[in-house]
Amino acid sequence: MALDFHIISLILLIPAIGSVIVYLLPLKNTGTKIVTTAISLIPLILSFILLLGVISPYVELGQTGDFYALESADWIPQFDIHYTVGVDALSAILVFLATLLVTLAIVFSWNERHRHREFNALLLFMEVTIVGVFVSLDNFLFFLFWEAGLVPMYFMIAVWGGPNKRYAAIKFFLYTQAASLLVLAGIFAFYFYGGTFSMITLMETNPMAASAQNLLFVALLFGFGTKLPMVPVHTWLPDAHVEAPTAGSVLLAGVMLKLGGYGLIRFNVQMLPDVADWAFILVGVIGVFSMVYGAFVCLAQDDLKRMIAFSSISHMGIVMLGISAWGIGGSEWALAGAIFQMFAHGLISAALFMIAGSIGHNVGTRNISELGGIAPKAPRTSGFMMVAFLASLGLPGLVGFVAEFTVFIGTYEVFGWWIFIPIISVVVTAAYYLFAMQRAIFGPFNEKIKKLHDMKWFEVAPLSVLSILFAVFGILPFLLMNSIYNWVVALG
Amino acid sequence: MSYQVLSPIIILLAFAFAIIIVNMFVKSKRRYFAYMALTGMIISLILVVDMAGLSFTSAMGLDLWDSPVNLTFPNLKLKVDAFSLFFYVVFLIAGILVTIGSISYIEKEEKYRAEYFSLMLLAVVGMMLVASTTDLFVLYLAFELTSISTYALAAFRKKDKASAEAGLKFFLMGAVSSAIALFGISIVYGVTAFTPGGPTTDLSQISDALNFALQGGIAHVQIPIILGSILLIAGFGFKIAIVPFHMWAPDVYQGSPTTISAFLAAGTKKGGFAAFFQLFLVALIAAKFQWGLLVGILAVITMVVGNVLAIVQTDLKRMLAYSSIAQAGYILIAICVGTLAFDGDVDTAQLAVAGGLLHILIHVFMKSGAFLVVALTATAKVGENLNDYKGLYRRMPIVAFCMTILLLSLAGIPPLGGFFSKFVLFSSAVNAGGWFVWLAVFGVLNSALSLYYYVRVIKYMYILKGEDESRVKVPTALYVAVILATLGVILSGLLAEPLISFAKAAAGGLLGG
Amino acid sequence: MEIPYLSLMILVPLVGTIVSFLLPRESTKAKWVCLIAALISLVISFIVTFAYVWSWPMGLQLDPSGSFAAYEKADWIPTLGMSYVLGVDGLSLPLIVLTHLLVALGIVFSWKETDRPKEFFGLLLLMDLSITGVFMSLDLFLFFIFWELVLIPMYFLIGIWGGPNKHYAAIKFLIYTHVGSVIMLLGIFALYFWAGPALAVGNTFNLVELANAAKLDPTYLGMAFQAPVFVAFFFGFGVKMPMVPFHTWLPDAHVEAPTAGSVVLAGLLLKMGGYGLFRLGLTMFPLAAREMWWLLATFGVVSMVYAAFVCLAQTDLKRLIAYSSISHMGFVLLGASSTLTIGIAGGIFQMFNHGLITAVLFMLAGVAKRSCHTRDISKLTGLVQKMPLFSFILMVSFFASLGLPGLNGFVSEFMVFAGSYESFGRYLIIPLLAIIITGAYYIWTMHKMVFGDFNTALGKIRDLTREEALPLFILLAFIIFFGLYPAPVIGLIEPYAAGLSSLLGGLG
């Protein structure tokens, strides 16, 4: 089955138009939700087709070079700026993840009544910008989506956020914008050396002088690393998460952090092949430090959302570790694991933030010390919490394990017994999750809790989908891993 | 000899005496004398323009002269060429504008009306002779004719203390400066006595004599020449009110009847310039190293002092007086750059002198217009002070508009006449290179500075709200004079091409002869 | 049949101005006269643009050398080498369209002006005339005339319809920019007397002849001549632009000016400086421009960064926008300093974009003043409930101004930076700093104004009226359209930028 319609453009266009429609339609809350969900399903289906086209031999997409469903059109022809979009295994998976999480986030926030039309329109708009980053193959276009993505998230926090939302929103905006400047400088450097904004050309020809690559690598590392985020440029994340509404947190942790990882792989790995080893060691050191530091900080958190936020930092460190192991030792498993970890963490962190949001909403507090013994009274909440915590701490059979395991295999291959340092974080992770779980849902019921509802259908549904996917990709990782591994191998 | 080219001067003289004679028999309260003076000057102006190259008399079949006229009368010590014709135009325009303005301004002085217009005609005649003469001594005499006429005019309101004081002050200063100038003339004359040509008062022969003397023909001649130059600069510097010989000007302009202030600033001052051009660019040009730099420095000081002092004035007549001083500074640039003709760079010198002449001509429109506006507001009982001008655009909209145009032109804002003349003037200084460039730099910066006080008047007229906003009845004749002056400023901007050609021809006449 | 479109663009506003001045004192017809005149000029400028881009047979007069889209020439003062030469090309066309557009919208925005209406609208139209004249003149003398003429209507606009401190602001504006102009005048003299003969075209003010000759001999007279004269021009243009440290007239002028005046001032007047820099500074002094790129770059970067920092400390909305204008005009200098096609084109495009954006911003400040009677940011808080349309436009325009991708400001800033990498290398991060500071002050301000707690002291406030909304939405449409699809304007600019770049690059 060959599919050669403008599939990627449609994935971008439909939510874009959808967001305008949703904003303008004078519907009540439920009507808006139904329309939004319906609109978001279209890009989800399309991106699923896209994913199938990349990973399955049975669905054929037009392939040009390394990329599928490539589209290119003149935009500012005078300066060689084009509208070029296409996907490979790396981006197809992330596009699918993004469209999936957007749909789930829309459903999950069924009850959001404050300025509901703007809220849903922003979610769809956010989908455009995130998918746009993943599919862009022109630096100008890439940066356009990259920067534009700040806006909906900024509004999401600033309008629908918690009590300290203004501080968090501005901090988020400025931090990530500062990081964008490094990316922007990088794009200019590429243009100076390569004379083009085409990412494909840059990847193929490697025009940059070797001497300039190391400096640029570090600049981009901090540019993308802020988004990832890595320690020490992570401080915006906990604030942003704590204040953001649940749907915002889901997308922030689930996909926006992946933009950083994607950028690291697309730019640092693919376009700067001549960097010195010390640059990758730097990536590894920062990655491991993020892992360990993030994990230890988690031990001290009382706010469930804050804990999950720090755990995200810790888990994204694994991505960096994988990249580092690939860069130094050429371990394919490490990089493949890193990419898979992005996907896995996307699913898991989405579930975690949904649970935290639902507890905050249904119980009235997210502080672990104020919870306790809620399992009997809120069985669905507790059940999903257990599944998600276990997936996050890397229980075999669930998706997180596969990712971490492959990264560690690669790491061991390259660094040998140094692996014990990152392994510490795994132990600590298990500790804080189990500890938190035990205090929050087991034990005697905390009588101070006044109101307590269990999850409603619109909370259960997305979490069920996510839980099923934990298992599917935990048990059948090869569905994606084959293509990822082949992609890494082709990278050389 | 075709003495008919002297007809403009003769006609004016005839009208001047005719007015007096008619006055003996007709004690009319009407405005006959003004109309007579006006008729004389307009006829004269038409003839002058005809001589300058329009030549419609020959088109009409009259064979009076070959235009453009260029004739010399050695026995009369006179010449009529483009330079003198240019100044004829300048003086006649000033005379005409002021005379029109005077029709309604001089109501109170009806008793001496005939003398007023007669003296004005004589003053114009004197200045025309200054521009025409080829002889140093005739130049002095002609200038005295103008001076004595204007002393009387300045003190014309003899019951008015300010006017009488102005006249007295003007007379004393004028007499002293004339004496100084005469001393300078005698020193120069003395130097020429030692040259082969013998003693001479002819302007171009003086030039040759000085050239001979300075080339080593006479020993120890430097000091007398420098002294003579300084005395002449001081003597005629009083007449054109350059710093530091400017003190009298604001007081006299303020005290005199405003139309006479207009005539002094727009007319007689230009006569001083005619003398200055004749003296320094013809007679003394050979001694340019002795006085060139001094004139340059005086030019800069004059503009700066004039402009800075104008800023602090609140009396409009004083402000315009200081602005007049500053304008004299600009015109001196032409004299500095004009000395290049002596080195053979006639093109640059001609451009500079043309710029200076153009500025003189356009300044006539601007300055007489501005003074006449003040005369108008004074006559209309609005006042002569800056504060009286608040909200003037509601009270007399067209006058306010005219004043705005005149002031902007004085500041050198394009596309008005004042911009064109300054443009040519400053550009010639840049073209000359060397230290002349600094004259241009100071010139443009001063121009920018002057905008401040000109615009302040506009601010009072248009932006500030006056207490009384009722319409004011405007005296017709002054109104006409102001509009004519404004039209002159606008048209000299639009018709710059023929004016510049005329000024260039005049400059050529001066430097070539 | 050849039609003198360019002269018509001067004639139509001139007639409109005179007619509106001649109307009776309190006539309300002046705005119609002026609006119609501005719209006719706008249509003419569109005709010229499209006829140029798509080669429509509209009877454009073309110049012999073919480097101008339209060209009209007549003798004026041949004795001194002055002629009446008008011409438009990729550099001037976008700015001319912008001029007519902003003036027309400024008139619509001020529709309810009741204080001396006929003078107000007439002066706006006079601005239109003189600014268009500056952008079209190809004779230095004519150029200077229009350049100076601009001062007069602007002085009155500030002085008569301005805020409480208008007298000071108006005279400061006038004297400051006039000093810049007269210094430039000396440069014009130098071109006339020295450059012309050295380039074998004689004493002439004709910029086309001078520029074409300079193209053949870009190093004429050497640095000894080019450097000081270039600096004189640079100073003249820099004051207008304005660049730090010659910028202090701008915030005062803006704060006091009426809204339409501010729109024209920031949207168009500042562009005259940039335009002159390209048309005269870079074109006539290739050697000096090439050698002294660091001068442009330094002033550009200092303006960008310094003004952005100053913005952080502003409490008056209009002052904030005024300083942000200084910061954004620094991009133009930076782009010019790059001497690369993309940088030069970016600088020119930045002028166009800044014109659109800043017009919106000043109109918004005007709405705030009209509706809330204050421009103090600390008092204008939480407007989103009471003024949703205002808040929406505020947000979009702030984003456009801080360079958000998808809106037009980004494209030009991107191009400028892309061009500057060659000269700056890794130090490009210094000018990039300006962007983050810009982001900071805009986000901070927007946050307070839109999302803060509503300031109840404001009392009853209204949202946009029809005549406010119309110009704002038209401008907004342009901002978004050119953000997503800048190619039409860039296509217009690029040939000019490429020509200039090859002239400058051909020396190295």
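In what follows, chains are A, B, ... by sequence order, proteins preceding strands, each numbered from 1. From a predicted model like this one, the values you see are computed outputs, not experimental measurements.
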Exercise for the section: Would you please classify the geometry between the Phe424(C) ring and the Trp293(C) ring as parallel, tilted or perpendicular, with 30° and 60° separating the classes? Expected result: perpendicular
Practice task
Look at the rings of Phe50(C) and Trp54(C) and say which category their plane angle falls in: under 30° parallel, 30 to 60° tilted, over 60° perpendicular.
Solution key: parallel
Fill in the blank from the handout: Residue from Phe145(A), Phe79(A), Trp146(A) scoring the most non-hydrogen pairs under 4.5 Å with chain C is Phe79(A)
Problem - Top contributor to chain C interface from Tyr154(A), Phe143(A), Tyr193(A) [non-hydrogen pairs under 4.5 Å] - result: Tyr154(A)
Exercise for the section: On the 0 to 90° scale, with breaks at 30° and 60°, tag the Phe267(A)-Phe224(A) ring pair as parallel, tilted or perpendicular. Expected result: tilted
Problem - chain A interface, residue from Val411(C), Ile429(C), Leu432(C), Leu340(C) that has the most non-hydrogen pairs under 4.5 Å - result: Leu432(C)
Exercise for the section: Answer yes or no for Lys227(A) and Trp236(A): cation-pi contact, defined as NZ/CZ to six-membered ring centre under 6.0 Å and angle to ring axis within 45°. Expected result: no
Handout entry: Residue among Ser420(C), Gly403(C), Ala440(C) with most heavy-atom pairs under 4.5 Å to chain A
Key = Ala440(C)
Practice task
Specify which of Val450(C), Ile493(C), Leu484(C), Leu407(C) makes the most heavy-atom pairs with chain A at under 4.5 Å.
Solution key: Leu484(C)
Exercise for the section: Pick out which of Tyr427(C), Tyr421(C), Phe414(C) makes a ring pair (Phe, Tyr, Trp, His ring centres under 6.0 Å) with Phe188(A). Expected result: Phe414(C)
Completion exercise
When the 4.5 angstrom heavy-atom criterion is applied to Phe140(A) and chain C, the contacting part is both
Practice task
Hey, can you tell me if Tyr191(A) and Phe197(A) have their rings parallel, tilted or perpendicular (30° and 60° cut-offs)?
Solution key: parallel
Practice task
Please look at Ile443(C) and chain A and tell me whether the side chain, the backbone, both or neither of the residue comes under 4.5 angstrom of a heavy atom of that chain.
Solution key: both
Exercise for the section: Look at Lys165(A) together with Asp239(A) and state whether they make a salt bridge at an N to O cut-off of under 4.0 Å. Expected result: no
Exercise for the section: Counting only heavy atoms closer than 4.5 Å, note whether Leu428(C) contacts chain A via side chain, backbone, both or neither. Expected result: side chain
Practice task
Using non-hydrogen atoms and a 4.5 Å limit, figure out which bit of Phe410(C) sits close to chain A: side chain, backbone, both or neither.
Solution key: side chain
Exercise for the section: Take Phe155(A) and Phe451(C) through the test ring pair (Phe, Tyr, Trp, His ring centres under 6.0 Å) and record every step on the way to the result. Expected result: CA-CA 10 Å; Phe155(A) 282 118; Phe451(C) 300 122; 5.7 Å; yes
Practice task
Determine the interplanar angle of the Phe399(C) and Phe173(A) rings, folded into 0 to 90°, and report it as parallel if under 30°, tilted if 30 to 60°, perpendicular if over 60°.
Solution key: tilted
Handout entry: Interface moiety of Thr341(C) toward chain A, non-hydrogen atoms closer than 4.5 Å
Key = both
Problem - Residue among Ile170(A), Leu150(A), Val159(A) with most heavy-atom pairs under 4.5 Å to chain C - result: Ile170(A)
Problem - Greatest number of heavy atom pairs closer than 4.5 Å to chain A - which of Gly452(C), Gly483(C), Ala498(C) - result: Gly452(C)
Handout entry: Max heavy-atom pair count under 4.5 Å with chain A, selected residue of Pro488(C), Pro495(C), Gly439(C)
Key = Gly439(C)
Handout entry: Most contacts with chain C, counted as non-hydrogen pairs under 4.5 angstrom, among Val151(A), Leu215(A), Leu184(A)
Key = Val151(A)
